[in-house]
Structure formats: structure tokens, C-alpha cells
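Remarks on the structure that follows.
Lettering follows sequence order; numbering is per chain, from 1.
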2 protein chains.
Amino acid sequence: MLAIGTLSRRTGTKVQTIRYYEEIGLMNEAGRTAGGQRRYFEKDLDRLAFIRHSRQLGFSLDSIRELLDLSDNPSQSCAEADSIARRQLHQVEQRIKRLQALKRELKRMVAECDGDSVAECKVLEVLRDHSECLTEHDQIGA
Amino acid sequence: MLAIGTLSRRTGTKVQTIRYYEEIGLMNEAGRTAGGQRRYFEKDLDRLAFIRHSRQLGFSLDSIRELLDLSDNPSQSCAEADSIARRQLHQVEQRIKRLQALKRELKRMVAECDGDSVAECKVLEVLRDHSECLTEHDQIGA
DNA sequence: GCTTGAACCTCTATCTGCTGTAGCTTGTAT
DNA sequence: ATACAAGCTACAGCAGATAGAGGTTCAAGC
């Protein structure tokens with residue numbers, strides 16, 4: 001029987017975050033001691049590790065919910081899990097592309113700034129000037 | 001005199017977002033018509049474009065606030081604007097690195113999945129397995 | 001001058017994914 | 001028996017918007 005702090009330490013998850021995952025139904029409701037403290041089994045730790053690993057890979061909580069459902073019903077086709085992963089991969093690739101464009105522009109900014117007064121500061125100038133922007137009205141995603 | 005919808009269209013910003021920027025003090029309080037509708041000048045449009053462009057470059061609203069302050073007081077040294085930009089560049093580079101690690105892992109996942117049943121689905125297996133993870137307890141930043 | 005309807009207004013709630021605090025209770029080691 | 005770390009609930013708050021309800025104003029056409 002593991003206390004919440006043990007799960008926290010072993011997965012690098014804040015205690016509140018674990019309780020939050022329970023609240024939103026991502027973790028099962030934990031058993032309780034007579035005094036009301038949560039107690040976990042190894043399988044709960046595995047589930048939490050799965051969630052955290054998926055979060056690190058950038059999956060949304062909703063996607064993780066889908067993946068956990070799939071993994072709870074292991075007789076279905078794997079195609080759905082694969083498509084979630086592919087979608088995710090696509091998003092990551094798009095994000096990288098955008099960030100690389102940003103990086104180029106930021107480099108241009110700091111390269112041109114020679115540290116004199118703001119009046120001729122290239123950083124501010126570049127930010128004012130939208131014309132060299134590649135991704136005109138794109139969002140920079142979270 | 002420009003209506004809020006015109007600013008919205010010309011900068012690709014939602015109307016509510018413009019009002020939100022006013023609320024948090026990023027945009028100046030707009031003048032009003034007798035009936036209470038906001039009216040803007042070209043300089044307000046420029047300021048909004050500056051904000052949006054900076055957002056697209058990944059600057060936080062706080063950083064943008066600093067940059068706008070600098071740009072409002074053009075006699076100071078440019079060093080500060082430069083340092084904000086450099087900080088931002090550094091963050092962008094870090095983000096790219098992390099995303100590239102994620103991309104590799106996602107590719108591995110989808111490459112190994114051969115579309116059979118969930119029982120032998122590599123996607124779920126990889127998510128369960130934390131050991132090949134490069135960035136053990138790292139956050140995936142927003 | 002009047003009517004229409006798109007565009008505006010305020011206010012409040014919601015989203016994602018947590019994190020932090022206050023104030024109290026429980027569990028465990030000595 | 002006592003100390004105190006670790007647990008509990010409940011609620012507020014963060015960024016950065018976005019959505020909707022319900023009402024008002026502006027401007028163009030007739």
C-alpha cells in the first residue's frame with residue numbers, strides 16, 4: 001500500500017496534481033485508510049507513470065484519456081492509438097517548424113542590435129515590422 | 001477613426017482579445033463615441049500589431065509589456081530590449097530541442113505499430129515504458 | 001426620417017493543466 | 001504520549017484567451 005507522497009516521489013508528480021487527476025477521472029478513485037488518507041497499489045503507480053510519460057510527449061489529457069480507454073480494453077484494434085500518436089507527431093512537427101522560423105527571426109533581431117539607444121534599436125524595430133513574418137496570422141500553440 | 005472590428009480584421013485578433021488587452025492594460029483605454037463604442041487611431045493599430053507579432057514570436061504578455069515600455073521611452077539603452085530578446089531566443093532553442101526529442105520518440109512509436117490488436121500495440125507499450133525517455137522528469141513547456 | 005441588421009457593449013463563465021494557500025487531521029516513529 | 005511530517009478538503013489563482021447571454025448603437029438603404 002503506497003501513500004500519495006510515494007507516488008509523487010516515484011513519478012515526479014506534485015501531490016495536488018495526483019489528486020487533480022483523480023478529480024477529473026483520469027486516475028481511479030483511490031482506496032482510503034480509516035482516517036481518510038489515500039492508499040495505492042502498484043497498478044495505480046503504473047497508470048500515473050503512463051499519464052506522466054504521455055504528458056511529457058505532449059499528449060493532451062483528453063488524448064491520454066482515449067489512450068487509457070484503449071489500453072483498458074485490449075482486444076480492440078490498435079489503429080486508433082496509432083492515429084492519436086500520428087496526430088500528435090504531426091502537431092509536434094508543425095510546432096518545430098514554427099519555432100525554427102521564430103528562432104531565425106529572433107537571431108536576426110539580436111544580431112542587428114548594437115546596444116545603443118532604443119531610438120535605433122533593431123529589436124523593437126523588428127517587432128514593429130510585420131512584413132518579414134513567415135506565418136502571418138498563425139497561432140503559436142501552447 | 002477605426003472601430004474595434006477593423007482592428008480585429010487588420011491584425012487577425014479576436015474582438016474579445018482586444019478588449020482583454022485593454023482590460024489588462026496592454027492596450028491604452030480607447031476613446032469612445034457618444035454611444036460608448038470604442039474608436040481607435042492608426043497608432044493603436046500599430047501597437048496591437050506589435051503585440052500580436054511579439055506573441056507570435058512567443059513573448060509572454062509580461063515581456064511584451066516590458067518591450068512596449070521601452071519603446072514608449074526611446075531615450076534609454078537598447079540593452080534591455082536586447083536581453084529580453086536573447087532570453088526569448090534561448091527559450092525557443094530549448095523548446096525546439098525538447099520537441100525534437102519528442103518527435104524522435106513519437107516516430108519510434110508509430111513506426112513500430114503494425115496495426116493489429118491493442119494487446120501488442122507498440123504505441124501503448126512505449127507510453128507505458130518510461131525507460132527510454134531522455135528527459136526524465138522534465139516539463140513540456142507551454 | 002425611419003427601419004433594419006450587423007456590429008458593438010458589459011458581464012460572467014469556461015477552457016487547459018495545473019499550482020498554491022489556509023486551516024485542520026492523521027499516521028508513524030520514538 | 002508526543003511530536004511533527006505528511007495527509008486532508010476547499011478554494012483561489014495563474015496565462016491567455018474564448019464563448020455566450022442579453023442588450024444597445026451605428027450606418028446604410030429606402
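Rounded to an integer number of Å, the gap from A:I51 CD1 to C:dT16 C1' is 16 Å. Atom-to-atom, CZ of A:R32 to C1' of D:dC8 comes out at 8 Å; the value is rounded to the nearest Å. Put simply, CD1 on A:I4 is 10 Å from C1' on D:dC8, counting in whole angstrom units. In this structure, B:E29 places its CD atom 10 Å from P of C:dT10, rounding to the nearest Å. Rounded to a whole Å, the CG atom of A:L26 is 9 Å from the P atom of C:dC18. In this structure, OH of B:Y40 is placed 14 Å from C1' of C:dA7, rounded to the nearest angstrom. Counting to the nearest Å, the C1' atom of D:dG16 and the CD1 atom of B:I64 are 11 Å from each other. As rounded to whole Å, 8 Å separates atom C1' of C:dT16 from atom CZ of A:R55.
Taking 4.0 angstrom as the limit, B:R65 places none of its side-chain polar atoms (N or O) nearer than this to OP1 or OP2 of D:dG16.
Nearest to the side chain of A:R38, among D:dG7, C:dG17, D:dT9, sits D:dT9.
Contacts with DNA chain C (heavy atom under 4.0 Å) in residues 13-24 of chain A: A:K14, A:Q16, A:T17, A:Y20, A:Y21, listed by number.
The two atoms that bring B:L106 and A:A85 nearest to each other are CD2-O, 4.1 Å, heavy atoms only. Of all heavy-atom pairs spanning A:F59 and A:S63, the tightest one is CD2-CB, 4.0 Å.
Under the rule for a salt bridge (Lys or Arg N to Asp or Glu O under 4.0 Å), the partners of B:E42 that lie at least two apart in sequence or sit in another chain are B:R10. Partners of B:D82 according to the side chain to side chain donor-acceptor pair (under 3.5 Å) rule, which considers only residues two or more places apart in sequence or in another chain, are B:R86. Checked against side-chain contact (heavy atoms from CB on, under 4.5 Å), B:D62 has the following partners two or more places apart in sequence or in another chain: B:S60, B:R65.
Rounded to the nearest 0.5 angstrom, A:D46 CG and A:H53 NE2 are separated by 13.5 Å. We find the CD-CG distance between B:Q88 and B:L67 to be 9.0 Å, quoted to the nearest 0.5 Å. Rounded to the nearest 0.5 Å, atoms CD (A:E66) and CG (A:L61) are 12.0 Å apart.
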Tell me, for nucleotides 23-30 of chain C in 5' to 3' order, what letter each nucleotide earns: B for a base near a protein heavy atom under 4.0 Å, S for only sugar-phosphate near one, - for neither? ---BS---
For residues 14-28 of chain B, which side-chain N or O atoms pair as donor and acceptor with protein atoms under 3.5 Å away, sequence neighbours left out?
residue	atom	partner	partner atom	Å
B:Y21	OH	B:R52	NH1	2.7
B:E22	OE1	B:R38	NE	3.0

